[in-house]
Amino acid sequence: MSDLLSQEFLTALISGGLVAAMPLLFASLGELVSEQAGVLNVGLEGYMLFGAFLAFVIAYNTGSEWLGLAAGIVAGAVGALLMVVFSVRMRLDQIVIGIAIILLAEGATSLLFDASYAESRPSLGTPSELAIPLLNEIPILGESVFSQHPIVYVGIALAFVVGWILKRTSAGLSIRAAGERPEALDAAGVSVTATRTWATLCAGGLAGLGGGYLAIVGAGSFTPFITQGAGFIAIVIAMLSRGVAPWTIVGAVLFGMSLSIATALQLIGVEIQTDYVQMLPFIAVIVVLVLFARRSYLPSALALPYVRGEK
Amino acid sequence: VKARAARLGEATLTAAVPIVLALVVNGILLAALGRDPFTFYADMFNRGLIQWEGFQESIIRSAPLLLIAAGLIVAFRANLWNLGGDGQFLLGAAFTAGFAPSLLESLGVWPMLLATMAIAALAGGAWTLIPALLRGRYGVNEIITTLMMSFIGIGVANVLVKGPFKTDVGGVARTDVVPFDERFPLLFDTRIHLGFVIGVVALLAVHVLMTRTSLGLRLRILGASPRAALHAGLRPVRLTVIAFALSGALIGLSGSVEILGVQGSFRADFNPAYGLLVIPLVFLARLNAIGSLVLVIVFSVIQIGGESAAREAEITSDVLFVLVGLMLLFMALTEYWRARRGRRMRFVPPELAERLRPGEGDGGGVGGEPRPAIRAGEVGSR
């Protein structure tokens with residue numbers, strides 16, 4: 001048991017956990033915003049795949065991580081554009097369109113990857129790190145938390161910024177109104193469709209960024225189906241955060257750690273089968289849902305198309 | 001009779017339109033990748049439909065898909081989203097492959113076939129219990145929970161196959177192989193196995209169950225409005241569990257059919273991911289059993305032919321995911337166009353589409369809190 005508290009193990013657990021948490025954090029943050037606006041993105045997984053693929057292609061061809069991550073945002077937003085056109089504008093069923101987006105993303109990215117990179121299977125270089133001076137001297141936390149890719153700090157800051165926007169700005173009020181009482185927002189002269197459109201694009205961009213991080217920093221390359229259900233976990237994290245953005249950090253890090261625990265255990269000589277590890281985050285979700293079944297809360301107009309004048 | 005024929009014609013047409021449009025757009029994509037779409041589709045229909053060998057292959061492929069369709073129809077008709085098909089399928093397959101060799105030795109062929117199918121159905125059904133109870137009692141959205149259970153099921157199946165069910169023979173982790181002669185019997189002089197008959201019978205049985213029996217009526221009432229179901233003296237939680245269990249059992253059975261009919265053993269990391277692919281088909285058939293039967297066979301032809309055409313064109317067969325995704329999009333679009341022209345014919349029942357709506361009688365939706373799930377005592381007080 002003493003091994004479990006060793007510096008090596010804790011460093012690996014926390015640092016690996018943060019790396020695994022980032023895609024979940026970005027995606028769930030985006031999903032939280034769009035859920036607040038009344039759009040459920042079942043296709044989150046698809047946005048992440050689009051983001052991961054384009055981010056990988058751009059980073060590989062330009063050699064720039066930052067351009068890659070930016071491309072991830074664009075690709076995710078383009079994926080979300082499908083949702084905007086079909087569900088927000090044309091008011092088609094959000095779940096059906098979401099499943100369609102997942103299937104399209106899985107097929108398209110696998111097809112394109114196979115067509116251009118299947119033989120070479122290239123990988124990217126080691127991702128950059130930003131060690132924060134002084135703080136990185138702290139034992140365990142220094143090496144794990146304060147020596148990460150710069151985008152990690154951006155992500156954590158972003159959770160608070162999004163939280164502030166949602167709670168304290170008029171834009172945030174519009175977003176929440178679009179999810180709770182779209183008719184009231186409409187009566188106040190703000191377009192429900194426009195609000196939901198921006199919120200959905202925001203979800204797509206952030207999920208794409210998460211996918212890009214997954215490919216560039218997390219895996220260092222792209223493989224078909226690389227997200228492995230991360231999009232669904234992100235939806236659950238968003239659900240359990242109940243509209244309070246900073247809670248997504250807690251959720252994402254907890255799930256991230258359950259993903260990274262196997263690597264950390266290997267360091268201290270404990271081998272467990274990868275199948276157990278891959279199940280772990282999903283078991284965690286089920287346990288959390290069983291324990292806090294009554295706690296998740298979603299806006300009352302979620303997934304409902306808004307038609308003016310219709311109850 | 002004439003009106004009926006017209007309705008049937010119209011239904012066929014509206015189901016065919018999205019499929020054709022998806023094939024066209026997918027063809028454009030293929031052309032963009034530098035492949036000739038006409039060659040691709042010619043290959044596809046040739047290998048999947050025209051050639052006798054290929055057509056048999058398509059029918060064989062349709063066997064598990066028919067059972068999955070039957071399972072989905074039960075859940076969807078009761079207004080429940082069962083998206084955990086992959087996990088239920090793989091658990092059914094793993095248990096069948098795990099128990100078949102030893103049961104074959106102790107019981108003989110037929111008892112083994114029946115026993116493994118029963119075990120697979122039980123496993124698939126049991127796997128829906130948690131989502132069903134969470135949904136029925138607390139209104140936790142089953143879309144998320146069934147998906148989560150699906151991922152866990154995939155993991156459990158692999159743990160079983162790499163652990164207790166693992167064969168002593170070296171190489172890739174897999175179960176012992178059931179000899180070819182001791183699997184499902186073949187029909188007449190073909191290579192098509194008994195599983196196809198089981199699939200067709202299951203689909204028809206579900207049709208009869210949902211339209212002609214009291215249980216089916218109760219499930220449909222639950223689907224239409226859980227509050228109404230409560231007022232009618234039905235027990236929504238119990239009905240939810242029953243519908244989910246039936247759905248999971250049929251899908252678990254499909255895993256059994258795949259092993260006993262085709263694979264013979266379960267290799268580690270086997271996952272054909274049929275679950276999500278069948279969903280568009282049952283919607284296109286508007287949850288009708290006969291329509292689903294036709295569409296599943298059409299899809300099997302596309303799949304078998306497509307896999308072979310993809311090999312020929314040197315692209316990954318994942319292109320079929322794109323095709324199914326497009327089918328779903330165009331299905332939604334067709335519905336939209338028809339609605340604009342004032343014709344009411346929906347692929348996805350409105351209740352199911354608005355499944356996420358919190359309140360509105362069934363109290364659940366995604367958010368459990370604002371309106372906790374209904375229990376018998378509460379109704380009178382409102």
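None of the values given here were measured: they were computed from a predicted structure. Just the heavy atoms: all of them, side chains too, but no hydrogens, waters or symmetry mates, feed the values below. Each chain gets a letter, A, B and so on, in the order the sequences are listed, and its residues count up from 1.
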- Task: Report the distance from atom CZ of B:Phe151 to atom CD of A:Gln228, rounding to the nearest 0.5 Å.
- Result: 8.5 Å

- Below 4.5 Å from any heavy atom of chain B, which atoms of A:Leu112 appear? Answer side chain, backbone, both or neither. side chain

- Query: How many angstroms lie between atom CG of A:Asp114 and atom OG1 of B:Thr316, to the nearest 0.5 angstrom?
  - Reply: 5.0 Å

- Query: Is the closest side-chain heavy-atom distance between B:Leu333 and A:Phe86 below 4.5 Å?
  - Reply: yes

- Task: Answer with side chain, backbone, both or neither: which region of A:Phe232 has an atom nearer than 4.5 Å to a non-hydrogen atom of chain B?
- Result: both

- Checking A:Val96 against chain B: side chain, backbone, both or neither under 4.5 Å from a heavy atom? both

- Task: Find the distance between CG (B:Leu328) and CG (A:Leu104) and round it off to the nearest 0.5 Å.
- Result: 8.5 Å

- Measure distances from A:Phe113 to the heavy atoms of chain B and classify the residue's part below 4.5 Å as side chain, backbone, both or neither. neither

- Message: Does any backbone or side-chain atom of A:Ile99 lie under 4.5 Å from a heavy atom of chain B? Answer side chain, backbone, both or neither.
- Response: both

- Message: Counting only non-hydrogen atoms closer than 4.5 Å, does B:Ile130 touch chain A with its backbone (N, CA, C, O), its side chain (CB onward), both, or neither?
- Response: side chain

- Using the test side-chain contact (heavy atoms from CB on, under 4.5 Å), find all partners of B:Val156 that sit at least two apart in sequence or belong to another chain. A:Met279, B:Leu91, B:Trp127, B:Ile152, B:Leu160

- What distance do A:Phe225 atom CZ and B:Asn271 atom CG have between them, rounded to the nearest 0.5 Å? 9.5 Å

- Query: For B:Ile154, is it the side chain, the backbone, both, or neither that has a heavy atom closer than 4.5 Å to a heavy atom of chain A?
  - Reply: neither

- Compare all side-chain heavy atoms of A:Leu111 with those of B:Leu29 and state whether any distance is below 4.5 angstrom. yes

- Note on the structure: Expected contact set for residues 318-327 of chain B against chain A at heavy-atom separation under 4.5 Å reads B:Asp318, B:Val319, B:Phe321, B:Val322, B:Val324, B:Gly325, B:Leu326

- Query: Which distance, rounded to the nearest 0.5 Å, do you find between the CE of B:Met149 and the CD1 of A:Ile286?
  - Reply: 5.5 Å

- Separation between OH of B:Tyr336 and CZ of A:Arg89, rounded to the nearest 0.5 Å: 11.0 Å

- Query: Of all heavy-atom pairs between B:Ala332 and A:Leu92, which one has the smallest distance, and what is that distance?
  - Reply: O-CD2, 3.4 Å

- Message: If we define contacts as heavy-atom pairs under 4.5 Å, which of A:Ile283, A:Ile101, A:Leu82, A:Ile97 has the most with chain B?
- Response: A:Ile283

- Query: Looking only at heavy atoms, which two atoms of A:Met239 and B:Ile144 are closest? And how far apart?
  - Reply: SD-CG1, 4.0 Å

